[in-house]
Number of protein chains: 2
Amino acid sequence: MREDSYYMRLALAEAQEAYREGEVPVGAVLVMRGEVVARDHNRTERLKDPTAHAEILCLTAATHRLGAKYLPEAVLFVTLEPCPMCAGALAWAQIGEVVYAAPDPERGFSRYVPSLLHPRTQWRQGPLQEESLTLLRRFFRERR
Amino acid sequence: MREDSYYMRLALAEAQEAYREGEVPVGAVLVMRGEVVARDHNRTERLKDPTAHAEILCLTAATHRLGAKYLPEAVLFVTLEPCPMCAGALAWAQIGEVVYAAPDPERGFSRYVPSLLHPRTQWRQGPLQEESLTLLRRFFRERR
């Protein structure tokens, strides 16, 4: 298993791709035993689909690819703290761990009670917080 | 606009279809100005996709069909109280109203604080609670 920052850089590259496409710049990478099994970024505008968050797209791609509904050995690296929808999806998949770069005090899952994640899911704030926030701030400054 | 029970019967028919397919029997119908624009049922087993709940499938179908990210004029009729994932998706879509048949005290969105729905979304428990619960209980008694 490589270091967290390796996988988070891949997630950040996805966020940068989202930025280039005019999407809210969030990216995610789903890793199992060190191998990247899915990577994607926010596509809500392109797909006109409010559920097309990076986390959901990675989760769906991974479950399709692996033919599994549950992913207790998977780690999701994502550049922004997941929203309640994504946390709920990650809970159904019983994902092993969630590592996010930038906290989201307004819409992040961690402010909800009771916990939105599965009881066995670990989660923490990880590397590249500043890089992720800088990209998000630039996007919203230009757009809104 | 027809009565609630008309639309909830359509949602229940979707739940019965899910039951026949070996899926957790939950169905949903999305209505705009009295017209059914999407109807579907839980497909998590068939699609090996933990996000393939009736509500998400209806929401995605409706936004695709209408080319709209937001659905403030839509009413979702669903046979079971939505989970946090679905509530989070309905929040992003700013859906106008959610009517559910059976409450879900264990996994339902309404036990979470702060609210998982959009501030402008109305919600209530509606008709056919017993019919929906009977179908769900039969499914879990046979399967688990």
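Letters A, B, ... are given to chains in the order of the sequence lines, protein chains preceding strands, and every chain is numbered from 1.
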With clusters defined by side-chain heavy atoms of hydrophobic residues (ILVMFWY) lying less than 4.5 Å apart, directly or transitively, does B:Leu133 cluster with B:Phe109? no
Are B:Val98 and B:Val37 linked, directly or through intermediate hydrophobic residues, by side-chain heavy-atom contacts shorter than 4.5 Å (ILVMFWY only)? yes
Can you confirm whether A:Thr51 sits close enough to B:Leu59 that some side-chain heavy atom of one is under 4.5 Å from a side-chain heavy atom of the other? yes
Just verifying a value: how many Å separate B:His64 NE2 and A:Leu47 CG, rounded to the nearest 0.5 Å? 6.0 Å
From A:Met85 CE over to B:Met85 CE, what is the distance, rounded to the nearest 0.5 angstrom? 9.0 Å
As an exercise: rank A:Pro114, A:Pro84, A:Ala89, A:Gly88 by heavy-atom pairs under 4.5 Å with chain B and give me the winner. A:Pro114
Can you name the closest pair of heavy atoms from B:Asp49 and A:Thr63 and give their distance? CA-OG1, 4.1 Å
For residues B:Ile56 and B:Val24: do they belong to one hydrophobic cluster (side chain heavy atoms under 4.5 Å, members Ile, Leu, Val, Met, Phe, Trp, Tyr)? no
If hydrophobic clusters are built from ILVMFWY residues whose side chains come within less than 4.5 Å, do B:Met32 and B:Trp123 share one? yes
Whatever's closer than 4.5 Å to a heavy atom in chain B on A:Leu66 counts as neither
Top contributor to chain A contacts, counting heavy-atom pairs under 4.5 Å, from B:Ala91, B:Ala87, B:Ala52, B:Gly67: B:Gly67
With a 4.5 Å limit on heavy-atom distance, are the side chains of B:Cys83 and A:Trp92 in contact? yes
Under 4.5 Å from a heavy atom of chain B, the part of A:Ala68 involved: backbone
Please say yes or no: joined through hydrophobic side-chain contacts below 4.5 Å, possibly via intermediate residues, are B:Val36 and B:Leu128 part of one cluster? yes
Quick one: what part of A:Arg111 sits under 4.5 Å from any heavy atom of chain B, side chain, backbone, both or neither? both
Heavy atoms of other groups near A:Arg138 CZ, more than 12 under 6.0 Å: yes
Do B:Tyr112 and A:Leu116 come within less than 4.5 Å of each other through their side chains, counting heavy atoms only? yes
